[in-house]
Amino acid sequence: MKLSARIAAPVAALVLAGLTATACAPQTSDTSAKGDDKSGTLRVWLFQEVGNKPKEKVVDAAVADFEKAHKGAKVEVEYIPVDTRAQRIKAAFNDPKSAPDLIEYGNSDTAGYVKDGGLADVTEEFGAWDEAKDTDPIARQSVTVDGKVYGAPFFVGVRALYYRTDVFKDLGIDPPKSQAELVSTAKKIRKAKPDLYGLAVGGAYTYGAMPFIWANGGELAGETDGKFTSGINSEKSRKGIEAYTSLFGDDNCPAAKCASMGGNATVTAFASGKAAMAIGGDFSHAAVEAGAVKGKYAVVPLPGVAENSIAPAFAGGNNLGVLKSSSHRTLAVDLMKSLSGKKTQAQMFDAMGFLPTYTDVLDNAAKKEPFVAPFVETLGAGAKFVPASPAWGQIDASLILPTMFQEIVSGRKDVAKASDDAAKKMDAAFTEAG
């Protein structure tokens with residue numbers, strides 16, 4: 001299933017699904033390596049996952065193959081916590097002696113890390129890599145800033161609509177085919193089964209809310225001559241904000257309980273049987289399978305405004321990048337290729353459910369596992385992204401959008417006032433980032 005023609009987009013950064021970036025640090029000084037050793041020990045930082053053992057097994061196999069092919073080279077892998085990754089990585093950018101050679105990073109961090117001077121430009125090596133020709137444009141954009149490549153895509157993640165098949169059958173209803181029907185269906189379920197949230201939503205679930213904004217024609221920001229301006233307070237964006245915040249209330253997901261929920265909490269509510277629907281990622285599949293709803297749910301693309309349309313989803317994921325300070329550049333690039341190559345990505349999908357970034361490997365994954373189909377369909381319908389600005393880290397870390405949603409659902413501000421205030425904060429961040 002080739003996605004390329006429909007989802008290529010002129011942006012430079014995507015986001016993981018669910019990773020929260022921290023504020024951007026000042027740009028680092030030049031930490032470029034002075035040599036390129038062809039032997040020695042390479043240090044790698046990868047993210048610690050929930051249930052990390054399957055990931056470790058795949059990585060260990062790839063590392064063993066790499067060491068066998070590169071005599072005199074050894075690899076040390078450390079798994080770092082996701083929630084403290086930004087501080088550690090930024091510190092590594094400023095201290096080459098303690099820095100790793102290769103890192104895994106959330107793809108929304110690309111622009112910020114490039115501005116900080118931490119990632120090596122691997123445009124030439126990526127272009128000469130035979131497997132790279134099958135990288136889908138949506139994934140390639142995630143490692144690209146100003147036309148230069150700063151790593152290799154590791155996996156992509158996207159969200160869709162999980163729903164309870166038993167609840168829908170009991171009430172004699174079908175999966176919603178439009179955004180308005182999604183809202184009305186959620187409230188219908190809540191009325192018939194008051195012990196359930198119709199659709200679990202979260203005031204702190206930025207990436208669950210974005211499809212509502214994009215489906216209504218809104219944008220997070222616009223770019224002119226390399227400068228970004230917030231679009232969150234446009235009329236179209238406000239329509240999406242109104243649609244999303246209308247789901248907070250006693251008739252669906254009470255604001256007192258749901259205003260503070262993030263993406264993980266909404267998926268947990270669904271997996272535990274407390275919600276009839278939730279917006280979750282392909283990466284949420286294992287958690288749902290391990291929950292009380294196993295065997296009683298299905299997944300469809302999140303509907304857009306028009307009937308039978310698909311709401312643009314936020315496409316996240318992670319990349320692998322070589323640090324500019326690495327004194328083993330050639331080896332580090334080769335290790336990057338080994339860990340992000342087709343063989344490893346196919347094994348990582350089998351082990352962790354991470355969606356591959358190669359069109360042919362992704363196609364095989366969809367054929368192998370039916371649960372992947374709605375997520376691939378969602379990607380193919382047209383994914384959207386955060387602004388390709390280093391300011392996004394500050395905007396995300398400052399909780400500007402969650403604050404806006406929470407102000408609205410609490411009644412402290414109306415949509416117009418809350419979105420205007422959010423736009424001012426976003427514009428200040430864009431200006432500061434330059």
Side-chain angles (χ1 to χ4, degrees), residues 6-11 13-15 108 138 158-161 176-186 199 201-225 227-249 252 279 301-316 378-389 391-392 395-396 399-409 412-431:
R6 292 177 287 174
I7 57 179
V11 296
L14 319 176
V15 181
S108 65
I138 193 173
V158 70
R159 294 168 177 82
L161 182 68
K177 293 181 171 60
S178 69
Q179 192 173 92
E181 191 177 334
L182 173 67
V183 175
S184 63
T185 298
L199 170 65
V201 289
Y205 193 7
T206 301
Y207 301 111
M210 285 179 178
F212 290 79
I213 294 170
W214 289 324
N216 281 276
E219 295 290 350
L220 298 177
E223 181 184 8
T224 303
D225 297 329
K227 296 188 178 300
F228 289 88
T229 304
S230 176
I232 201 66
N233 59 341
S234 71
E235 288 305 311
K236 290 180 179 179
S237 291
R238 286 174 175 170
K239 286 183 180 179
I241 295 169
E242 288 172 356
Y244 187 68
T245 55
S246 72
L247 289 160
F248 292 81
N252 175 55
I279 300 168
L302 185 70
V305 172
E307 187 170 355
N308 294 318
S309 67
I310 297 175
F314 168 71
T378 297
L379 279 170
K384 300 276 283 187
F385 317 98
V386 298
S389 165
W392 181 253
I395 291 168
D396 204 15
L399 305 178
I400 292 174
L401 296 182
T403 297
M404 176 188 72
F405 294 128
Q406 291 163 351
E407 288 172 341
I408 295 167
V409 303
R412 296 198 302 273
K413 296 179 183 178
D414 61 17
V415 172
K417 173 62 175 170
S419 61
D420 279 343
D421 289 349
K424 290 177 183 176
K425 295 174 184 176
M426 290 176 69
D427 285 340
F430 286 134
T431 298

### Message
What verdict does the ring pair (Phe, Tyr, Trp, His ring centres under 6.0 Å) test give for Phe385 and Phe314, after you've listed the backbone C-alpha separation in whole Å, the side-chain angles of each residue and the deciding distance to 0.1 Å?
### Response
CA-CA 6 Å; Phe385 317 98; Phe314 168 71; 7.5 Å; no
Check your understanding: Would a distance-only check, ignoring hydrogens and angles, find a side-chain to backbone donor-acceptor pair under 3.5 Å from Thr185 to Leu182?
Key -> no
Do Leu302 and Arg159 touch side chain to side chain, with heavy atoms closer than 4.5 Å?
no
Residues Ile279 and Gly208: closest non-hydrogen pair is CD1-O, 3.7 Å
Heavy-atom nearest pair, Trp214 first then Ala313, reads CZ3-C, 3.8 Å
> Does Glu235 come within less than 4.0 Å of Arg238, counting only side-chain N to carboxylate O?
Replying inline: yes
Glu223 and Phe430, any side-chain heavy atoms less than 4.5 Å apart: no
| Would you say the side chain of Leu161 lies within less than 4.5 Å of the side chain of Pro176, judging by non-hydrogen atoms? | yes
* Would you say Asp414's side chain and Ile408's backbone share a donor-acceptor pair under 3.5 angstrom? -> no
Check your understanding: Is there a salt bridge (charged side-chain N to carboxylate O under 4.0 Å, His left out) between Lys417 and Glu407 once you walk through the steps?
Key -> CA-CA 10 Å; Lys417 173 62 175 170; Glu407 288 172 341; over 6 Å; no
inquiry  = So does Asn233 get a backbone contact from the side chain of Ser237, meaning a donor-acceptor N/O pair under 3.5 Å?
reply    = no
| request: Determine yes or no for a side-chain-to-main-chain donor-acceptor pair under 3.5 angstrom, with Asn252 supplying the side chain and Leu247 the backbone. | output: yes
inquiry  = Whether the side chain of Tyr244 engages the backbone of Met210 through a donor-acceptor N/O pair (distance < 3.5 Å, no angle test) should be reported.
reply    = no
Side chains of Asn216 and Gln179 only: does a donor on one sit below 3.5 Å from an acceptor on the other? yes
